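Keep in mind the model is a prediction, meaning the values are calculated, not measured. Nothing fancy with the numbering, it's 1 onward along the sequence. No hydrogens, no waters, no symmetry mates; every other heavy atom, side chains included, goes into these values.
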Amino acid sequence: PLRTVGPATALLDGQSRTVTVNSAGVYSASVNTTTLGSRNVTVTYNPGNGNYSTSTNSTRVTVSARTTNMTVSATNVVVGQNTTVTGVVKDQFGQLVTVGSVTVTVDGQSRTVNVNSGTGVYSASVNTTSVGNRTVTVVYNAPNNGNYTGSTNNTGRVTVSARTTN
């Protein structure tokens, strides 16, 4: 049976975490990094007694950009009026994405707006040009920092009605 209880130190991107190694020789460390790409992780076991020697091992992990998705809601309108398209951008973990922009397209008309830096909400007013049920397409334009991937949602719908005459 393993009896390697003691501390270990995990190091990633200059951040160090001291963790306890259990009697099965297992440890876990969580380190937050904002640097994308292949990263080196070094773990040093330092038992602090004469029964075991200090050991170090390294491996590489890949830190990837977070995938994104957004909700889409649009107001129904009369042809020639603007529909208001709103939604929220989130990452794969359900966290708000508060950077970047979205391009909203309805009936061939597009408008690009920034995502709100505090709430992840976007809102765009887009002109409608023809009657019928229209698809609303929203494209998230990820910023150049590489932390997020772009995405597309074309599940939104808007009903554009004909003008009534009296």
Side-chain angles (χ1 to χ4, degrees), residues 4 7-22 24-46 54-77 82-129 133-160:
T4 57
T9 303
L11 180 65
L12 171 66
D13 285 344
Q15 296 183 56
S16 177
R17 297 289 186 270
T18 300
V19 296
T20 300
V21 179
N22 69 22
V26 176
Y27 62 89
S28 176
S30 178
V31 179
N32 186 24
T33 182
T34 58
T35 306
L36 299 176
S38 181
R39 316 299 305 151
N40 192 52
V41 178
T42 301
V43 177
T44 301
Y45 174 66
N46 200 353
T54 299
S55 62
T56 299
N57 200 347
S58 295
T59 190
R60 297 205 63 84
V61 296
T62 300
V63 179
S64 302
R66 293 180 179 201
T67 59
T68 58
N69 60 71
M70 53 258 146
T71 60
V72 179
S73 177
T75 56
N76 294 329
V77 294
N82 289 346
T83 180
T84 300
V85 180
T86 59
V88 177
V89 182
K90 293 185 177 183
D91 69 15
Q92 67 204 52
F93 304 108
Q95 300 293 315
L96 294 174
V97 175
T98 58
V99 295
S101 64
V102 296
T103 301
V104 177
T105 304
V106 178
D107 206 15
Q109 304 295 310
S110 295
R111 175 117 188 264
T112 299
V113 295
N114 288 328
V115 174
N116 183 288
S117 63
T119 63
V121 171
Y122 67 88
S123 180
S125 182
V126 182
N127 191 35
T128 58
T129 59
N133 293 320
R134 300 290 175 231
T135 298
V136 178
T137 300
V138 180
V139 175
Y140 173 65
N141 307 304
N144 291 332
N145 67 13
N147 291 338
Y148 299 99
T149 61
S151 59
T152 301
N153 182 330
N154 57 4
T155 62
R157 301 284 182 264
V158 61
T159 300
V160 181

S123 side chain to T86 side chain, donor-acceptor N/O pair below 3.5 angstrom: no
- request: Taking the side chain as every heavy atom from C-beta outward, state whether V104 and V138 have any atom pair closer than 4.5 Å.
  value: yes
message: Before you tell me yes or no, could you show the steps for V88 and T119 under side-chain contact (heavy atoms from CB on, under 4.5 Å), namely the whole-Å CA-CA distance, both residues' side-chain angles and the distance that decides it to 0.1 Å?
response: CA-CA 8 Å; V88 177; T119 63; over 6 Å; no
- prompt: Side chains of T135 and R157: does their closest heavy-atom pair fall under 4.5 Å?
  reply: yes
task: Evaluate the criterion side-chain contact (heavy atoms from CB on, under 4.5 Å) for residue pair L36 and N147; output intermediate values, then yes/no.
output: CA-CA 7 Å; L36 299 176; N147 291 338; 4.0 Å; yes
message: Just so I know, are the side chains of V115 and V102 near enough to count as touching, which here means a heavy-atom distance under 4.5 Å?
response: yes
- request: Mind running side-chain contact (heavy atoms from CB on, under 4.5 Å) on Y140 and Y148 for me, showing each step along the way?
  value: CA-CA 10 Å; Y140 173 65; Y148 299 99; 4.1 Å; yes
- prompt: Which pair of heavy atoms, one from A142 and one from G150, lies closest together, and at what distance?
  reply: CB-N, 3.9 Å
message: Go through it in stages, so that I can follow the logic: the residues are T44 and T54, the test is side-chain contact (heavy atoms from CB on, under 4.5 Å), and I'd like the CA-CA distance, side-chain angles, deciding distance and then a yes or no.
response: CA-CA 7 Å; T44 301; T54 299; 3.8 Å; yes
field: Side chain proximity check, N141 to T112, heavy atoms < 4.5 angstrom
entry: yes
message: Using the side chain to side chain contact (heavy atoms under 4.5 Å, CB included) definition, which of the options T9, T18, V19 pairs with Y27?
response: V19
statement: Closest non-hydrogen atoms of P7 and Y45, given as atom of the first, atom of the second and distance, are O-CD1, 3.4 Å
query: Which residue, T68, T149, T67, N69, forms the side-chain hydrogen bond (donor to acceptor under 3.5 Å, both in side chains) with Q92?
result: T67
message: Show the nearest heavy-atom pair for residues S30 and R17, with the distance to one decimal.
response: O-NE, 3.3 Å
message: Between S101 and N114, is there a side-chain donor-acceptor contact under 3.5 Å, judged purely by atom types and distance?
response: no
message: So which atom in G100 and which in P143 form the shortest heavy-atom distance, rounded to 0.1 Å?
response: CA-CD, 4.0 Å
task: Would you mind telling me which of D107, T128, N76 makes a side-chain hydrogen bond (donor to acceptor under 3.5 Å, both in side chains) with R134?
output: D107
query: Does the side chain of Y122 come within less than 4.5 Å of V72's, by heavy atoms?
result: yes
Any donor-acceptor pair under 3.5 Å from S117 side chain to T98 backbone: no
- line: Between T83 and V77 the two heavy atoms that sit nearest each other are CA-CG1, 3.9 Å
- line: Note: V158 and T75 closest approach over all heavy atoms is CG2-O, 3.0 Å
Polar side-chain atom of N153 near backbone of M70 as donor-acceptor pair, under 3.5 Å: yes
task: Report yes or no: does R111 contribute a side-chain atom to a donor-acceptor pair with the main-chain N or O of V126 at less than 3.5 Å?
output: no
